[in-house]
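Written below as structure tokens is the structure these notes are about.
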Amino acid sequence: MTEWLGLPALAATHGAQIDGLIGWIHVFMFILFVGWGGFFVYCLIRFRRSRHPVANYAGVKSHRSSYLEIGVAVVEGVLLFGFAIPLWAARVDRMPPENEALVIQVTGEQFAWNIHYPGPDRVFGRTDIKLLDLQTNPLGIDRSDPAAKDDVTTLNQLYLPVNRPVIVRLRSKDVIHSFGVPEFRVKQDAVPGFTIPIWFIPNVTTEEMRTRTGNPEFQYEIACAQLCGLGHYRMRGFVTIQSAEEFQKWMDERVAELAVPDPFR
Ligand SMILES: [Cu+2]
């Protein structure tokens, strides 16, 4: 229904609703544009100087313009109460239960995305700013905490299973960044000092999207959508959507790697 908008390919369950809202806003705004534009031209001709050399201080007497204003307010009310608020309630207020979802933490920094998975125990390990090391421990994870032993971290590579709710807890280490993946129709600022949750259900795997778009190199990209500094342009991450089995395999491999001591650490 909204192909005419030329939006990026859609790969999340709630996306059609967002696209619908964008579509309706365009339709209503076009009607307003034509209406106000026409009214402007009408006024230029109707109240031209040659016909009205002296200003009329009484002003308009008909109520037609009031009715038009009421009409515009009603349409805007429909957009707000009929579309925007229900969408906000579903997207922001109603988070999926955490036991059904995959909960991850994504921390923005100048200029990268740190991804933190809680691992099989589903508990995020303790982090401490004193343990922070840009090269070896960018999130300051305390590996002596039992909950942290299986925590998997990646840099700019977000792996997610298809058709399962994902809750992303967004954080930032320095300035305001913004986590935006156009195909999932999500965009949320990461603000220092806050942990902001967002959620979505990706429903098209990377493989499937490559077939669909006919582009064998297709990648979902996390674009930092806030100008966050000189390196902003290169602050991008990649999202790989896999089947549940492939994702589990990937996760098992990462957890297994953690058990092997890293000789470079
Ligand atoms: Cu950024």
Side-chain angles (χ1 to χ4, degrees), residues 6-12 14-15 18-19 21-22 87-88 91-92 95 101-119 124-142 148 151-161 165-202 204 206 209 213 215 217-242 247 250 254:
L7 291 166
L10 186 59
H14 71 277
I18 303 253
D19 291 4
L21 178 61
I22 295 174
L87 197 54
W88 179 268
R91 294 298 311 144
V92 181
M95 285 273 159
L102 174 71
V103 185
I104 54 165
Q105 278 180 176
V106 173
T107 306
E109 69 170 68
Q110 287 172 319
F111 299 96
W113 298 103
N114 292 284
I115 322 277
H116 184 175
Y117 296 86
F124 288 99
R126 207 176 73 82
T127 56
D128 190 334
I129 199 159
K130 292 193 201 86
L131 297 169
L132 207 96
D133 181 291
L134 280 183
Q135 298 306 318
T136 58
N137 194 356
L139 287 168
I141 296 174
D142 178 3
D151 284 21
V152 169
T153 59
T154 63
L155 187 68
N156 293 331
Q157 293 292 341
L158 175 56
Y159 284 79
L160 297 173
V166 186
I167 298 177
V168 178
R169 295 190 189 152
L170 274 174
R171 315 195 302 172
S172 170
K173 275 162 59 171
D174 36 43
V175 300
I176 299 175
H177 299 279
S178 184
F179 177 91
V181 186
E183 289 84 359
F184 302 157
R185 304 293 191 269
V186 291
K187 189 174 284 171
Q188 170 64 51
D189 280 7
V191 183
F194 285 92
T195 299
I196 303 173
I198 52 164
W199 74 281
F200 51 91
I201 307 174
V204 185
T206 300
M209 195 50 103
T213 55
N215 173 9
E217 253 116 68
F218 177 87
Q219 288 260 46
Y220 293 114
E221 260 182 44
I222 311 170
C224 181
Q226 284 285 10
L227 186 54
C228 58
L230 278 177
H232 165 71
Y233 70 95
R234 62 179 159 86
M235 183 167 174
R236 60 176 197 171
F238 297 99
V239 190
T240 307
I241 305 295
Q242 300 173 303
F247 174 75
W250 176 84
R254 298 289 85 73

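One-based numbering, in listed order, for ligands and for the atoms of each. None of the values given here were measured: they were computed from a predicted structure.
- Looking only at its N/O/S atoms, H177 has ND1 as the one nearest to the Cu ion (ligand 1).
- Residue C228 counts as close to the Cu ion (ligand 1), with an N, O or S atom under 2.8 Å.
- Checking V103, V152, T153, D151 one by one against Y117, the side-chain contact (heavy atoms from CB on, under 4.5 Å) holds for a single residue, V152.
- Relative ring orientation between W113 and F179 is described as perpendicular, the plane-to-plane angle rising above 60° on a 0-90° scale split at 30° and 60°.
- One finds the CG atom of L160 at 8.5 Å from the CH2 atom of W250 (value rounded to the nearest 0.5 Å).
- At least one N, O or S atom of M235 sits under 2.8 Å from the Cu ion (ligand 1).
- Among all heavy-atom pairs drawn from R234 and F111, the shortest one is NH2-CD1, 3.9 Å.
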